[in-house]
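Numbers for residues simply follow the sequence, beginning at 1.
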Amino acid sequence: MTTYLELKVPITFEDSWFRELRDVLDGVNVRWQRGFYHITMAFLDFAPDGVNLVPGLNNLLEDEMAPTITFDKLDAFASGYHRQVIHLTTTDAPDDFLALVEDIRRYFKAKGCEIQSDFKLHVTLGRVQDAKMNVRKLQDIINQVELPTFTMELTDVEYRVFRGKTLGLWKLMD
């Protein structure tokens, strides 16, 4: 089974900086994310059947403080042949949050889960599939947008089946 653990990020499609981003990318083939913004803490390419991962996540998350993250950068990275991901990120990820992510990923691996991708703190905003576009060109366009720096305390964590049901919900302490 393919599952993932996400930390919800309460931004909206109508935020002014997001509208400006869409405007500067008018004419580029972007499939915009509309809602459900999050940071994927771990994407499990495989979770063994019959292994309930929720109790261990309860132990890891029950007394955890909500991370405060300052978002200050729009960027893009390659995600396969002629595909790029446009995302929101930070230039200064909190060490305690990164440590929590590593603890969670170690827990999943110890339970027999397969995680192929490394952790990259980002919030997906859109996906580009365009043979004429590369990451460098895309970054040059994105850099035209003045992103106002903003800080958020992120409290809501959800463990889900990929494109399926919710397996667990947590509210981190604020």
**Item:** Qualifying side chain to side chain donor-acceptor pair (under 3.5 Å) pairs with a residue from residues 83-100, counting only residues at least two apart or across chains
**Value:** Asp72-Thr91
**Item:** side chain to side chain contact (heavy atoms under 4.5 Å, CB included) between Leu7 and Leu172, intermediate numbers included
**Value:** CA-CA 10 Å; Leu7 179 62; Leu172 303 179; 4.3 Å; yes
**Asked** Listed by chain and number, what are the salt bridge (charged side-chain N to carboxylate O under 4.0 Å, His left out) partners of Glu64, not counting sequence neighbours?
**Response** none
**Message:** Filter on side chain to side chain donor-acceptor pair (under 3.5 Å), then keep only pairs touching residues 163-174, sequence neighbours left out; what's left?
**Reply:** Asn58-Trp170, Asp156-Lys171, Glu158-Thr166, Arg160-Thr166
**Message:** Under the criterion side chain to side chain contact (heavy atoms under 4.5 Å, CB included), I'd like the reasoning laid out for Trp32 against Arg22: C-alpha separation, chi angles, the key distance, then a yes or no.
**Reply:** CA-CA 9 Å; Trp32 293 106; Arg22 292 192 310 274; 3.6 Å; yes
**Complete:** The reported gap from CZ in Arg127 to CD in Gln33 (rounded to nearest 0.5 angstrom) is 5.5 Å
**Prompt:** Looking just at side-chain N and O atoms, do Gln139 and Asp75 make a donor-acceptor pair shorter than 3.5 Å?
**Reply:** yes
**Prompt:** Do Phe162 and Phe43 make the cut of ring centroids closer than 6.0 angstrom?
**Reply:** yes
**Message:** Atom CD of residue position Glu146 - does it have more than 12 heavy atoms of other residues, nucleotides or ligands inside 6.0 Å?
**Reply:** no
**Fill in**
In this structure, CG of Asn59 is separated from CG of Asp103 (nearest 0.5 Å) by 12.0 Å
**Request:** Please say whether the positively charged group of Arg19, taken as NZ for Lys or CZ for Arg, lies over the ring of Phe13, i.e. under 6.0 angstrom from the six-membered ring centre and within 45 degrees of the axis.
**Result:** no
**Message:** Could you go through Phe18 and Tyr37, starting from their C-alpha distance and side-chain angles, then the distance that decides it, and tell me whether this counts as side chain to side chain contact (heavy atoms under 4.5 Å, CB included)?
**Reply:** CA-CA 12 Å; Phe18 204 163; Tyr37 303 106; 3.2 Å; yes
**All salt bridge (charged side-chain N to carboxylate O under 4.0 Å, His left out) counterparts of Arg105, not counting sequence neighbours** = none
**Prompt:** Got a second to check how far Lys8's NZ is from Leu169's CG, nearest 0.5 Å?
**Reply:** 7.5 Å
**Fill in**
Across all chains, not counting sequence neighbours, the salt bridge (charged side-chain N to carboxylate O under 4.0 Å, His left out) partners of Asp15 are none
**For Gln116 against Asp45, the heavy-atom pair lying closest together** = N-OD2, 2.7 Å
**Asked** Leu125 pairs by side chain to side chain contact (heavy atoms under 4.5 Å, CB included) with which of Ile142, Leu74, Val30?
**Response** Leu74
**Asked** With side chains defined as the heavy atoms from C-beta onward, is the minimum distance between Phe97 and Thr68 less than 4.5 Å?
**Response** no
**Same apolar cluster: Ile104 and Tyr4, side chain cutoff 4.5 Å** = no
**Item:** For the student: nearest non-hydrogen atoms of Leu154 and Ala66, plus distance
**Value:** O-CB, 3.2 Å
**Asked** Side chains of Leu60 and Tyr107: closer than 4.5 Å at any heavy-atom pair?
**Response** yes
**Request:** Give, for atom CG of Asn29 and atom NE2 of His82, the distance between the pair rounded to the nearest 0.5 Å.
**Result:** 13.0 Å
**Complete:** To the nearest 0.5 Å, atom NE2 of His122 lies from atom CD1 of Ile86 at 12.0 Å
**Message:** I need the single residue from Val157, Ile39, Leu53 that forms a side chain to side chain contact (heavy atoms under 4.5 Å, CB included) with Leu5. Which is it?
**Reply:** Val157
**Prompt:** Once you round to the nearest 0.5 Å, how far does NZ of Lys120 lie from OG1 of Thr40?
**Reply:** 12.5 Å
**Pi-cation contact, Phe108 with Arg106 (under 6.0 Å, within 45°)** = no
**CA sep, side-chain torsions, deciding dist, call: Leu121, Ile69, side chain to side chain contact (heavy atoms under 4.5 Å, CB included)** = CA-CA 10 Å; Leu121 194 157; Ile69 299 179; 4.2 Å; yes
**Residues which pass side-chain contact (heavy atoms from CB on, under 4.5 Å) with Met65, listed by chain and number, not counting sequence neighbours** = Met173
